[in-house]
**Student:** 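The structure's right below; bear with me while I get my questions together.
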Amino acid sequence: MARHHGAPIDVRRLVQSKFVRDLPIVAAGCAIAALAVDMFMVPNGLAAGGVTGLATIIAELTRRAGFELPVGFQTIVMNAFLLLLVWRTGGARYAVQTITGFVLFGFFTDLFAPFVVPLGDGDLMLPSLWGGIISGIGYGLVFRCGVNTGGSDTVAQIISRKTSLPVGSTVMAIDVAVCAASAPVFSIENALYAALSMVLMGYVIDSVVDGSDHRRAAFVISDRHGDIADDVMYEMGRGVTEIAARGVWSGKDRPMLMIILDRREVSILKTVVAERDPEAIVFITDVTEAFGEGFKELGE
């Protein structure tokens, strides 16, 4: 089947424009998460995993030694170092999005710290629940825009690349290890409440980002299926499967494209299809798991 190639769509430009448009939401999300950390987590000794949890432990140890080491500053330094180790893996776009996330989060964390009133007053249940909920809302807004704040995800990428361990399981193991490491510094009770906050935070993040599903399956029916397939493969870097289909009413053969996407890429696909064919039919469904090239290996 001959394909007629139209003018290429600059997907990079589309992604950049979306990133700029979403920047206020990213900043708001980082500010909300930072407020939760300053108000609930750090003052109550809740090291709920990741780089922020590790920074909370270090801040407490340095305070006992007689000097202050701000949590936000620590997260920026640690994330910058980690990012250098995975720069080649993620590429320039990943680096810009990650730097934006962790710099804004670190900045707001140290900006709010002198002014917020810590809540909890010895009762760890309140800060662990509300700290997890509010920080989950903040991180969820950031992730929904396709940005991240580094931390456990970056460490997990490094470990996964060296050992072939699944990234998701590695992130969980790192967060649990940080919670456990907080027990000798604060208490076992603090560590358990920090773990509770971490779990709750994960659920809230999934809800904000739009459910707990990790992938989406998109089906596209269009007369310009060839151009759309090329844009998805060569500009978005995703595989495309062409499925033979026929319209019952029209009797016309018109291939249907099936594309498995990360949930953050759905908006990009919609933009690409709209640019090529505003009359195209697109329907998107949830995928519980995806295996094979570009996804998890079978058997994981």
Side-chain angles (χ1 to χ4, degrees), residues 11-12 15-16 18-20 22-34 36-37 41-42 47-59 62 69-111 135-136 138-179 181 198 201-202 205 209 214 236-237 262-265 268 294:
V11 174
R12 181 174 296 178
V15 172
Q16 288 173 343
K18 182 179 183 300
F19 174 72
V20 173
D22 289 342
L23 198 54
I25 300 176
V26 173
C30 288
I32 292 170
V37 168
M41 312 300 278
V42 174
V51 166
T52 306
L54 182 60
T56 301
I57 296 172
I58 295 173
T62 56
L69 194 55
V71 171
F73 173 75
Q74 289 186 66
T75 61
I76 292 175
V77 172
M78 284 188 245
N79 277 308
F81 174 73
L82 292 172
L83 185 61
L84 290 175
L85 300 179
V86 296
W87 178 277
R88 294 181 181 178
T89 303
R93 189 180 77 183
Y94 172 82
V96 170
Q97 292 173 328
T98 303
I99 291 171
T100 301
F102 73 66
V103 168
L104 284 174
F105 173 76
F107 169 75
F108 284 124
T109 299
D110 288 347
L111 177 67
S135 59
Y139 288 128
L141 290 173
V142 174
F143 297 160
R144 185 166 185 165
C145 295
V147 179
N148 68 81
T149 55
S152 301
D153 289 343
T154 308
V155 178
Q157 286 181 46
I158 298 171
I159 295 175
S160 180
R161 191 171 61 182
K162 300 292 184 182
T163 64
S164 298
L165 291 172
V167 174
S169 300
T170 307
V171 169
M172 184 178 297
I174 293 169
D175 289 340
V176 170
V178 172
C179 286
M198 182 180 68
M201 186 192 309
I205 289 172
V209 174
H214 298 289
M236 293 181 63
D262 187 275
R263 58 193 173 191
R264 299 168 186 170
E265 296 172 319
I268 300 174

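Worth saying up front: this structure is predicted, and the values here are computed from it rather than measured.
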**Student:** From C30 SG over to L141 CG, what is the distance, rounded to the nearest 0.5 angstrom?
**Tutor:**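 Here the rounded value is 9.5 Å.
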
**Student:** Looking at CG of D22 and OG1 of T100, how far apart are the two atoms once the value is rounded to the nearest 0.5 Å?
**Tutor:**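 Between atom CG of D22 and atom OG1 of T100 there are 12.0 Å.
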
**Student:** Got a second to check how far I99's CD1 is from L104's CG, nearest 0.5 Å?
**Tutor:** 11.5 Å

**Student:** So which heavy atom on V26 is nearest to which on C145, and how close?
**Tutor:** CG2-CB, 3.7 Å

**Student:** For the residue pair M201 and A48, what are the closest heavy atoms and their distance?
**Tutor:**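 In terms of heavy atoms, the two residues are closest at CE-CB, 4.3 Å.
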
**Student:** Quick one: list whatever passes side-chain hydrogen bond (donor to acceptor under 3.5 Å, both in side chains) with T109, sequence neighbours left out.
**Tutor:**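 With neighbours one apart ignored, the set is empty.
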
**Student:** Tabulate below the donor-acceptor pairs under 3.5 Å that side-chain atoms of residues 50-59 make, not counting sequence neighbours, or state none.
**Tutor:**
unit_1: T56; atom_1: OG1; unit_2: T52; atom_2: O; d: 2.8

**Student:** According to ring-ring contact (aromatic ring centres under 6.0 Å, His included), who are the partners of F102, at least two apart in sequence or on a separate chain?
**Tutor:**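 Listed in chain order: nothing, the list is empty.
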
**Student:** How many angstroms lie between CE in M198 and CE in M41, if you round to the nearest 0.5 Å?
**Tutor:** 10.0 Å

**Student:** Report the distance from atom CZ of F105 to atom CD1 of I76, rounding to the nearest 0.5 Å.
**Tutor:**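 Rounded to the nearest 0.5 Å, the CZ-CD1 separation comes out at 9.5 Å.
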
**Student:** Can you list the residues that meet the salt bridge (Lys or Arg N to Asp or Glu O under 4.0 Å) rule with D110, with sequence neighbours excluded?
**Tutor:**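 In terms of salt bridge (Lys or Arg N to Asp or Glu O under 4.0 Å), with neighbours along the sequence ignored, D110 is linked to no residue.
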
**Student:** Measure across A47 and C179 and return the closest heavy-atom pair with its distance rounded to 0.1 Å.
**Tutor:** O-SG, 3.4 Å

**Student:** The criterion is side-chain hydrogen bond (donor to acceptor under 3.5 Å, both in side chains); which residues satisfy it with N79, sequence neighbours excluded?
**Tutor:**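 For N79, no residue satisfies side-chain hydrogen bond (donor to acceptor under 3.5 Å, both in side chains) once neighbours in sequence are set aside.
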
